[in-house]
Amino acid sequence: MSAGPAGKLVQSVLGLRNNTKVGGYIGLLHGHDLPVTLDINELLQKHVCILAKTGGGKSYMSGDIIEEMMKRDVTTMIIDPHGEYGAMRDMGKVGEPRFGVVPRGYADRIREFSVLKSEDPNIRPLRFTLKALEARELLELTRTNDVRSYLTTLKKAIDALREHQEIYSLRDLIDVLLSLETDNKSAVLINELEYLDEIGIFATLGNKVSELVEKGKTTIINLKGVPPDIQELIVRRLSTIMFEMRKQDAVPPMMMVIEEAHNYCPQVGTALSSKALSTIASEGRKFGLGLTVISQRPAKIDKNVLSQCGTQIILKVTNPNDVKAISASVEGLTAGMMDEVQTMPIGMAMVIGAGIQTPLLVDIRPRESRHGGTGVKVISDD
Ligand SMILES: Nc1ncnc2c1ncn2[C@@H]1O[C@H](COP(=O)(O)OP(=O)(O)O)[C@@H](O)[C@H]1O
Ligand SMILES: [Mg+2]
């Protein structure tokens with residue numbers, strides 16, 4: 001797709017660059033059929049949000065961007081609470097010819113993990129190594145918010161255990177706590193550790209970071225069916241590890257995609273993962289760790305996280321509180337544009353940022369790979 005002379009003018013006026021090396025193709029400029037590309041470097045460095053009502057096409061759109069990142073060997077980790085991104089292994093349907101998209105699957109790029117047992121041979125177990133965790137880190141994986149008051153007890157138990165054995169299980173740790181003098185604190189601790197033990201997210205040998213993240217590959221963390229608090233702690237652990245590893249340059253620069261972000265970094269209250277995600281939102285860019293937050297409830301995402309997103313992709317939004325939250329977090333949106341957002345059809349997006357100077361209306365390109373979302377929502381959250 002190349003633009004004619006009139007198209008070239010529109011392109012240059014809007015600041016649309018067509019650099020296929022860094023520019024990920026997401027669709028056609030509405031009314032002009034000019035390709036719109038987003039600068040992948042900029043997405044990684046300045047974070048992205050994708051906002052729309054349920055069924056508005058957020059996951060579909062994010063799949064487009066992930067395809068573009070896969071093509072350019074950008075390392076990505078997707079937090080996938082509905083287990084829908086694994087479908088990207090498969091080839092998608094043929095779309096409208098004007099987009100010029102050739103269907104393909106990405107099986108060779110994708111690795112998928114789950115903490116739950118899966119019949120699917122493509123899904124590998126996600127396990128953290130217990131012995132690698134200090135008392136504080138282990139406490140951060142529990143539902144206790146008051147880390148300090150349990151620290152001494154847990155440290156004592158871990159030290160006692162480490163004196164005798166290098167490798168130990170949660171069960172061993174619980175047994176030591178049971179053998180120590182029992183008070184209220186150790187009872188709470190034991191309860192929390194029992195809960196973690198039941199989920200089975202720890203193993204003597206957990207996944208190595210090099211197994212979870214490989215340069216140029218997309219890692220899907222499939223959280224389907226996992227209890228919400230365990231989801232949060234997995235997101236916290238992975239976000240923390242990725243941030244620390246990026247600081248040391250021990251993993252490649254990468255993008256973390258967070259679906260249903262309002263659950264992991266809410267505006268009201270906190271999730272176990274809140275702090276880790278807000279750290280990435282505010283400091284990730286310094287270390288080459290990009291964040292894509294996706295949500296159907298912009299009003300419910302931590303404003304500090306949302307306001308750090310340099311690129312906003314807005315699809316149809318109708319809830320008045322969400323419309324307000326978007327206008328508050330995105331600079332340069334006029335009342336007219338906000339009206340537009342409420343009436344846009346599925347398949348159209350308003351894109352702001354990523355090296356584009358004015359908000360653009362984009363006809364979103366068809367997916368190359370299969371979209372896993374069902375499109376049928378039993379419960380609406382609007
Ligand atoms: N750009 C698009 N082109 C064609 N169909 C789309 C597009 N975006 C969304 N859809 C359809 O709408 C349904 C819901 O999209 P999805 O991305 O799953 O919504 P959500 O915003 O809830 O993540 C999809 O299953 C797909 O059928
Ligand atoms: Mg979705």
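Remember, it's 1-based here, ligands and their atoms both numbered in the order they're listed. Along the sequence shown, residues are numbered consecutively beginning with 1.
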Atom NZ of Lys316 with >12 non-hydrogen neighbours under 6.0 angstrom: yes
Part of Leu315 with heavy atoms under 4.0 Å of ligand 1, whether side chain, backbone, both or neither: neither
By ring-ring contact (aromatic ring centres under 6.0 Å, His included) - contacts of Tyr150 (at least two apart): none
Using a strict 4.0 Å threshold on nitrogen-to-oxygen distance, state whether [X] and [Y] make a salt bridge.
X	Y	value
Lys208	Glu211	no
Arg365	Asp64	yes
Lys224	Asp80	no

Distance-only polar pair, side chains of Asn122 and Glu112, donor-acceptor under 3.5 Å: no
Donor on one side chain, acceptor on other, Thr311 and Glu42, under 3.5 Å: no
Heteroatom N/O/S of Ser62 within less than 2.8 Å of the Mg ion (ligand 2): no
Do any N/O atoms on [X] end up under 3.5 angstrom from N/O atoms on ligand 1?
X	answer
Arg365	no
Thr54	no
Glu84	no
Ala52	no
Gly56	yes

Ligand-side contact atoms (ligand 1) for residue partner [X], heavy atom cut-off under 4.0 Å:
X	answer
Ser59	17 (O), 23 (O)
Gly347	1 (N), 2 (C)
Lys53	21 (O)
Gly57	8 (N), 9 (C), 15 (O), 16 (P), 17 (O), 19 (O), 20 (P), 21 (O)
Ile364	1 (N)

Side chain to side chain donor-acceptor pair (under 3.5 Å) pairs, two or more places apart, involving residues 190-200: Arg143-Glu192, Arg171-Glu194, Tyr195-Asp229
